[in-house]
Amino acid sequence: MYRFLLTPRWWGINVFVVLAIPFCIFMGSWQLGRFEDRVQDHETASTQHESARREAARPLTELLPVDKATVGRQTTVTGRYDDQLLVPERKLDDREGFYVLSLLRTDGGKALPVVRGWLPGEPDPAKAPAPPTGEVTVTGALQAAESPGADGVSSRSGWPAGQTGAISAATLLNLVPYDVYDAWVTLNEGDSGMRAVPVSAPQNTGLDLKAFQNLGYTAEWFAFVGFVIFMWFRLLRREVELARDAELGLVAQDGEDGEDGASGETGESGDKADGEKTNEAGADGAGADGAKAGLVS
């Protein structure tokens, strides 16, 4: 009954199932691992942020380049403020506003972007307090460079003069005539009455939309495993039922019944034709007898 499993068609089906199941399990496990990594990064970032606030501030050069281990660490930098820019479309406590970004020129000539605070409303240079003059020493949390379109960062381009959508060396180098560190600092206390900007988690970490997308993909891949197994058993059951019907002669019986029906119809047609011929012959005979009787009389 199961000899059909040795046919080329079923060899192809079985090979596909054998390869598809481990592949789906691997992909589902990989997506689940990505979700667990994001959860772990979120917990690590939260713990690191709390401990970083209690640690002594370190020089900027000791914390560069910025990575997951140094994001949120306290740093201290000395220099003079130069250009000031506004960063629009930034929310704080579900309120729309903008960052006030000032570039701190260090002794080496390179500038460090410093977010001095947040203000509500539309970006307006008249609302932004001017940065302090002279040499200053700032202390704040170190942040990684932003990417346009990332969480909370606008993907727009073509901002008005004096504004930028993302805080990174790639965007700021087009706005200022000096080199810029590929990192930025948010002050622990807002300057000139502005609200301090909280520390943000590094990109691709934390329980954001991408993390739950990984969890959704995990469920999809394991659902594919169940679907492949279900379809294989369904095809197997169908083939077994067809083979069983053939052994019982149900398929052949249907053919014989069809032949018998056709023979019966042929017989009935023949009988009907013979009857019509007999009637025609009788009519012809009656006509002949009538003509004969007319001649005799």
Side-chain angles (χ1 to χ4, degrees), residues 49 52-53 56-66 70-93 95-148 152-154 156-200:
H49 174 59
R53 292 296 297 269
R58 298 166 57 186
L60 177 65
T61 54
E62 296 181 7
L63 300 176
L64 295 178
V66 184
T70 58
V71 166
R73 298 288 183 181
Q74 292 291 303
T75 186
T76 180
V77 186
T78 300
R80 296 174 179 272
Y81 281 117
D82 200 325
D83 293 281
Q84 181 163 284
L85 302 170
L86 305 182
V87 186
E89 298 184 7
R90 296 303 176 101
K91 288 185 176 181
L92 188 61
D93 296 337
R95 296 178 61 192
E96 194 73 36
F98 59 96
Y99 292 169
V100 177
L101 176 68
S102 301
L103 296 174
L104 185 69
R105 298 286 300 273
T106 61
D107 293 338
K110 213 170 184 179
L112 174 68
V114 177
V115 175
R116 297 169 48 232
W118 174 90
L119 290 174
E122 294 295 325
D124 185 357
K127 296 181 181 178
T133 59
E135 188 175 78
V136 296
T137 299
V138 299
T139 301
L142 185 64
Q143 298 283 265
E146 297 178 335
S147 298
V153 181
S154 175
R156 284 178 51 190
S157 59
W159 293 98
Q163 297 183 19
T164 181
I167 308 175
S168 67
T171 57
L172 295 176
L173 284 176
N174 298 323
L175 302 176
V176 294
Y178 39 81
D179 292 335
V180 180
Y181 286 104
D182 199 23
W184 57 284
V185 168
T186 174
L187 298 181
N188 295 331
E189 301 293 338
D191 193 7
S192 302
M194 294 183 290
R195 291 188 59 181
V197 175
V199 178
S200 58

Residues which pass salt bridge (charged side-chain N to carboxylate O under 4.0 Å, His left out) with [X], listed by chain and number, not counting sequence neighbours:
| X | value |
| --- | --- |
| Arg105 | Asp82 |
| Arg195 | Asp93 |
| Asp124 | none |
| Glu135 | none |

Contacts of [X] that satisfy side-chain contact (heavy atoms from CB on, under 4.5 Å) - sequence neighbours left out:
| X | answer |
| --- | --- |
| Asp191 | Arg116, Pro132, Leu187, Met194 |
| Thr133 | none |
| Lys110 | Thr106, Asp179, Tyr181 |

Q: Enter the distance from Gln74:CD to Leu63:CG here, rounded to the nearest 0.5 Å.
A: 10.0 Å

Q | Value rounded to 0.5 Å, distance of CZ in Arg90 from CD1 in Ile167 | A | 5.5 Å

Q.
Quick test of your reading: applying side-chain hydrogen bond (donor to acceptor under 3.5 Å, both in side chains), list the pairs with at least one residue in residues 156-175, sequence neighbours left out, ordered by first then second residue.
A. Glu89-Arg156, Ser168-Thr171

Looking only at heavy atoms, what is the nearest atom pair of [X] and [Y], with distance?
| X | Y | answer |
| --- | --- | --- |
| Leu104 | Gly79 | CD1-C, 3.5 Å |
| Lys127 | Phe98 | CB-CZ, 4.4 Å |
| Leu92 | Ala196 | CD2-O, 4.2 Å |
| Ala166 | Glu146 | CA-OE1, 3.6 Å |
| Gly165 | Val153 | O-CG1, 3.6 Å |
| Leu119 | Ala128 | CD1-CA, 4.0 Å |

Q | By side-chain hydrogen bond (donor to acceptor under 3.5 Å, both in side chains) - contacts of Asp182 (at least two apart) | A | none

